[in-house]
Number of protein chains: 2
Amino acid sequence: MQLIDAKKQFVQAWGALGSQWGINKTMAQIHALMMLSNEPLSTEDIMEQLSISRGNANMNIRELTDWGLVSKVFKAGERRDYFVGEKDVWKIAKQVAKIRKTRELDPILNLLNSIKNLDDSSKSEEVKHFQKMVDDVHKLATNVDRLIEGIFKAEQNWFWDKVLKLFAKH
Amino acid sequence: MQLIDAKKQFVQAWGALGSQWGINKTMAQIHALMMLSNEPLSTEDIMEQLSISRGNANMNIRELTDWGLVSKVFKAGERRDYFVGEKDVWKIAKQVAKIRKTRELDPILNLLNSIKNLDDSSKSEEVKHFQKMVDDVHKLATNVDRLIEGIFKAEQNWFWDKVLKLFAKH
DNA sequence: TTAAAGTTTCAATTAATTATGAAAATTATC
DNA sequence: GATAATTTTCATAATTAATTGAAACTTTAA
């Protein structure tokens, strides 16, 4: 396989993966391009390589910048903006986890807290079951929350070494 | 708060969470209803509680059944189908992980394998960088794969006990 | 200061996804 | 085996999400 084809396949697959996880396809594809490129890319480069409009490119580059996965760089003697993507996949994963935790997990934890105390003190089976389910979900969500917090602090090698060892015996 | 409002909020939040992770909102809401209900629910019940059409209800119940999160039950003397949802949140999480691993992670791993060997033996910086990135992503994906495999085998308490202990010192 | 280059915005359009509902198919009951 | 109840299918409609492209805005440098 040629480099150019391999790149295309990677970009395409990254876009598809993003879509399946609620991330705009174009955003994921731009991210893929940025990961694969040694050199900073301009908006023009991205428009060309993905055959997309200027507005689309601009908006998704901004979104990636907001996520902290891409940053602007200045090229000497060049007027236009160039961008580079974070290349460390562990950092990328952590960053995505951090953002999604804040946006999605934290609100769910708040909601679960607020609904677990009902006025209804009837202790009916229905109420008891509801409270048990909410509590179970809350416990799992809290554990996931702590796991993510742990990941933020951990080093990649340390983390995988420890985690994978856990399962080695089984 | 009253039970009925708390349920509504939970169902609504579960739907929103699903949407953000590439799962049809209605499918997630039906799943929420099923989790919260002690009793089996019929298609009619679901149509009524979520104000959705029969076709929509039917399709999403089937999808949940395919995911192994809901099963059909027979009610004595009743002609229509009733459904119950899995109530064990750990099992639910494992099942979702299993399905998404198969559908999404495994294909990505295959792709990464197939693109890492290029005809281009030029050892240009460009080729080297590409191969390094693909390799890094592949390593991370493989570790995630193993983590999920481990989760399948582990018991909930054992798993969280071990994992959370890992981070206790830090 | 101005005009050319580059960037951003956003209303309008297009594309993709979901939902509807009625007809067809299936299943149970008499 | 006719019919009534229920489920499934799927073409079409509705909704939601993504994209375009041109105008407005900003920056640079002559």
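Naming convention: chains lettered A, B, ... in sequence-line order (proteins, then strands); numbering from 1 in each chain.
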Suppose we screen for salt bridge (charged side-chain N to carboxylate O under 4.0 Å, His left out). Which residues come up paired with B:Arg54, at least two apart in sequence or across chains?
B:Glu44
Salt bridge (charged side-chain N to carboxylate O under 4.0 Å, His left out) contacts touching residues 67-79 of chain A (sequence neighbours left out):
A:Lys72-A:Asp81
Reading nucleotides 3-11 of chain C 5' to 3', which nucleotides get B (base under 4.0 Å from a protein heavy atom), which S (sugar-phosphate only), which -?
-BBSBBBB-
If you link I, L, V, M, F, W and Y whenever their side-chain heavy atoms are under 4.5 Å apart, who else ends up in the same group as A:Tyr82?
A:Val73, A:Val84
The criterion is ring pair (Phe, Tyr, Trp, His ring centres under 6.0 Å); which residues satisfy it with B:Phe130, sequence neighbours excluded?
none
Residues at least two apart in sequence or cross-chain that pass side-chain contact (heavy atoms from CB on, under 4.5 Å) with B:Glu126, listed by chain then number, are A:Leu3, A:Lys7, B:Ser124
When rounded to the nearest 0.5 angstrom, what is the spacing between CG in A:Leu105 and CG in A:Asp145?
5.0 Å
Contact list for residues 83-98 of chain A, test side chain to side chain donor-acceptor pair (under 3.5 Å), sequence neighbours left out
none
So if I take residues 11-42 of chain A and measure heavy-atom distances to DNA chain D, which residues fall below 4.0 Å?
A:Asn24, A:Thr26
Contacts of A:Lys8 meeting side chain to side chain donor-acceptor pair (under 3.5 Å) (sequence neighbours excluded), chain-then-number -> none
Counted 5' to 3', the first and last nucleotides of DNA chain D within 4.0 Å (strictly under) of a heavy-atom of chain A are D:dA18 to D:dT28
For residues 15-26 of chain A, pull every pair meeting side chain to side chain donor-acceptor pair (under 3.5 Å), keeping only residues two or more places apart or in separate chains.
A:Trp21-B:Glu104
Please, which pairs that meet salt bridge (charged side-chain N to carboxylate O under 4.0 Å, His left out) have at least one residue in residues 33-42 of chain A, sequence neighbours excluded?
none
